[in-house]
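Comments concern the structure below.
So that the names make sense, note that chain A is the first sequence line, chain B the second, and so on, each numbered from 1. These numbers come from the heavy atoms of this one structure, side chains and all, not from hydrogens, waters or symmetry mates.
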Protein chains: 2
Amino acid sequence: MAAIENEKASRFPDAELKARAAWHYYVEGLTQERISEILGVGRIKVHRILSAAREEGVVQFRIRDSVVECVQLEESLKQRFGLSHAVVVPSAADRSNAPLMIGHAAAAYLADNVNPGDVIALGWGRTLKFAINELPRRPIARTTVVSMLGGLTHAQPLNPTESAWELAEKIGAECYLLPVPVYADRPEQRDAFMSQRSVQDVVFRARRANIAVLSVGSFSSDSPIANYGFIKPSELEELQAAGAVGDILCHFIDAEGHIVDHEVNRRVCAYPLQDLSDIPTTILVSGGQEKIAVMRAALANTKVSVLITDEDAAKGLLNR
Amino acid sequence: MAAIENEKASRFPDAELKARAAWHYYVEGLTQERISEILGVGRIKVHRILSAAREEGVVQFRIRDSVVECVQLEESLKQRFGLSHAVVVPSAADRSNAPLMIGHAAAAYLADNVNPGDVIALGWGRTLKFAINELPRRPIARTTVVSMLGGLTHAQPLNPTESAWELAEKIGAECYLLPVPVYADRPEQRDAFMSQRSVQDVVFRARRANIAVLSVGSFSSDSPIANYGFIKPSELEELQAAGAVGDILCHFIDAEGHIVDHEVNRRVCAYPLQDLSDIPTTILVSGGQEKIAVMRAALANTKVSVLITDEDAAKGLLNR
DNA sequence: CTTTGATATGCAATTTTGTTCAGCTAAAAC
DNA sequence: GTTTTAGCTGAACAAAATTGCATATCAAAG
């Protein structure tokens with residue numbers, strides 16, 4: 001139970017200042033120096049306040065006109081994969097920024113599409129983290145957030161537990177977490193964990209969710225699942241050798257979207273992949289070149305209703 | 001009928017470029033130089049594209065956390081004036097920017113509160129122009145915009161006709177205009193104009209609106225009504241001598257909100273002030289020191305349900 | 001073919017913004 | 001009382017954005 005400290009404490013706890021500075025800077029168009037006079041703080045501090053405001057999503061940038069090409073891709077994706085909705089954003093120029101861009105779009109989508117009373121089942125990933133980060137902190141009545149994944153033992157900045165908690169806080173939701181590690185040490189342990197009453201209870205709640213939000217992971221070197229070290233490099237190789245192209249909800253799947261037969265997949269403490277079909281709306285948030293294969297796999301064998309992605313991935317998915 | 005040319009033609013008609021540049025700049029955080037490489041245009045052109053994007057409201061800045069003090073003012077205003085809703089934004093540091101800030105808030109409010117099927121009766125003013133400008137260009141089904149004011153004979157950039165048209169275009173609404181000058185030369189002419197079938201028809205439509213959006217004008221020197229010259233300086237003085245504190249829907253009113261008895265008020269071609277009560281939701285969008293008196297007057301004798309203003313004005317209204 | 005005028009482009013100077021680093025303060029530990 | 005540490009702060013520098021101005025481009029008119 002130890003270290004889930006809410007490290008949220010921002011460097012500038014004064015929301016007042018952040019909001020005021022943001023108004024003067026972004027809306028009124030004043031210079032940082034002028035703002036420093038008005039607020040009576042140093043110019044550099046104004047700069048830091050503004051940085052923090054962006055960082056924490058106090059200011060949100062919204063781009064209204066969509067890019068023509070992206071709109072066409074959205075249409076094609078909907079048709080090709082039977083989606084009810086698709087959002088395609090321009091690809092990031094720097095590969096590593098893809099999660100930022102897609103997360104931004106996901107935040108906008110969620111802000112518009114989460115309604116009072118909704119129950120959100122949440123996956124995990126860098127893209128989702130960005131999405132949650134950019135979400136407005138506006139309470140939505142009677143919402144619930146349920147994590148579909150166990151937590152990390154060594155508390156990391158990017159953590160299913162942390163993400164669920166942060167989302168819940170933003171929209172003022174009740175929050176249910178899986179009080180187990182995402183990967184048990186051995187399959188029998190997993191079974192023991194999962195059969196616990198408290199865990200079953202959370203899984204049951206997830207099953208009753210009306211919205212699932214999740215992303216997929218690839219084997220690329222900067223993937224968190226590869227770096228955090230709870231899967232050994234040797235296991236990653238074995239998985240790839242067994243045909244895995246990536247993971248969805250921490251289940252490793254092959255190119256057809258089927259769960260690969262490997263011990264790791266028997267150690268995962270998560271909402272069962274095949275049960276996603278019980279959730280009416282499934283939102284898949286992922287993009288970037290390196291995710292194309294696993295996204296195609298996920299779309300092939302998992303019911304996805306909404307896809308939020310970028311141009312690169314959209315094109316890749318459509319060019320078979 | 002002459003010169004209502006839609007001068008909208010922006011310097012950068014390519015919405016594609018604007019949207020792409022905005023994504024890379026504001027969301028991805030790239031430098032303008034980097035973007036110029038990606039888009040294959042000059043660095044300075046990128047800058048100009050971004051300016052245009054802001055200018056035309058392709059990028060929108062939204063500040064989520066509100067300023068504590070402003071929230072308190074909102075509560076007080078609601079109580080004091082029996083409003084159903086109030087929005088208070090920080091005051092602009094430069095007096096002349098007040099319309100920018102308040103317009104921004106009004107745009108956000110309208111974006112959230114205009115629903116399919118709504119009929120919007122529209123007033124006129126610089127603040128409203130900014131609001132419309134910042135509104136997302138997103139069609140809202142079956143909406144209608146009706147101008148509550150006549151037009152200007154010498155087409156000016158700031159013009160009731162132009163504003164209504166622009167709003168209609170943004171939300172994909174049908175648009176009805178009063179095909180007469182806002183001030184007739186003589187009272188009898190006004191009566192003749194207003195009794196025209198086409199005019200009556202538009203006024204009738206305005207009366208059936210469910211939302212009225214309007215602002216008030218003061219006598220300050222930078223007020224458009226003073227500068228555009230369709231009211232003579234001598235008349236402005238007479239009006240003030242007669243107790244007028246400003247105008248609402250181009251009707252000049254005294255401190256109690258009653259229409260001042262003066263010829264100018266018998267020449268105005270506009271939706272009748274007292275008939276505002278026929279419209280369920282009336283949104284008053286105005287602020288800044290110099291508008292306090294006329295805002296108080298308007299609130300005293302006109303049914304206002306929503307007030308969007310700034311700190312200065314809010315404080316002024318509350319300190320009697 | 002040249003002129004004219006309107007528009008677009010990029011250079012260069014200037015302003016604004018971002019970053020790094022060393023010093024300062026104050027609370028906690030010794 | 002001194003040391004340690006963490007957190008701020010702003011000066012100085014580096015990078016980026018902005019603006020005025022001169023030049024280029026192109027279409028219509030002469």
State which residues pass side-chain hydrogen bond (donor to acceptor under 3.5 Å, both in side chains) with A/Ser51; sequence neighbours excluded, sorted by chain then number. A/Arg54
Rounding to a whole Å, what distance do you find between A/Leu17:CG and D/dT9:P? 11 Å
Taking OH from B/Tyr26 and P from C/dT17, how many angstroms apart are they, rounded to a whole number? 12 Å
For B/Glu33 and C/dC11, what is the distance between atoms CD and C1' respectively, to the nearest whole Å? 13 Å
Note, B/Trp23 side chain near A/Val89 side chain (heavy atom, < 4.5 Å): yes
Interatomic distance, B/Lys45 NZ vs C/dT7 C1' [rounded to whole Å]: 11 Å
With side chain to side chain contact (heavy atoms under 4.5 Å, CB included) as the test, pick out the partner of B/Ser36 among B/Ile44, B/Ile49, B/Val46. B/Val46
What about B/Phe61 and B/Tyr26, are their ring centers closer than 6.0 Å? yes
Report the residues that fulfil salt bridge (Lys or Arg N to Asp or Glu O under 4.0 Å) with A/Glu37, sequence neighbours left out, ordered by chain and then residue number. A/Arg34
Distances for protein N/O vs nucleotides 18-26 of chain D N/O pairs under 3.5 angstrom?
{"unit_1": "D/dT18", "atom_1": "OP2", "unit_2": "B/Gln32", "atom_2": "NE2", "d": "3.0"}
{"unit_1": "D/dT18", "atom_1": "OP2", "unit_2": "B/His47", "atom_2": "NE2", "d": "2.9"}
{"unit_1": "D/dT18", "atom_1": "O5'", "unit_2": "B/His47", "atom_2": "NE2", "d": "2.9"}
{"unit_1": "D/dG20", "atom_1": "O6", "unit_2": "B/Arg48", "atom_2": "NH2", "d": "3.4"}

Given the rule in the salt bridge (charged side-chain N to carboxylate O under 4.0 Å, His left out) test, do A/Glu55 and A/Arg48 qualify, once you have shown the distances and angles that lead to the verdict? CA-CA 10 Å; A/Glu55 196 86 11; A/Arg48 286 175 180 143; over 6 Å; no
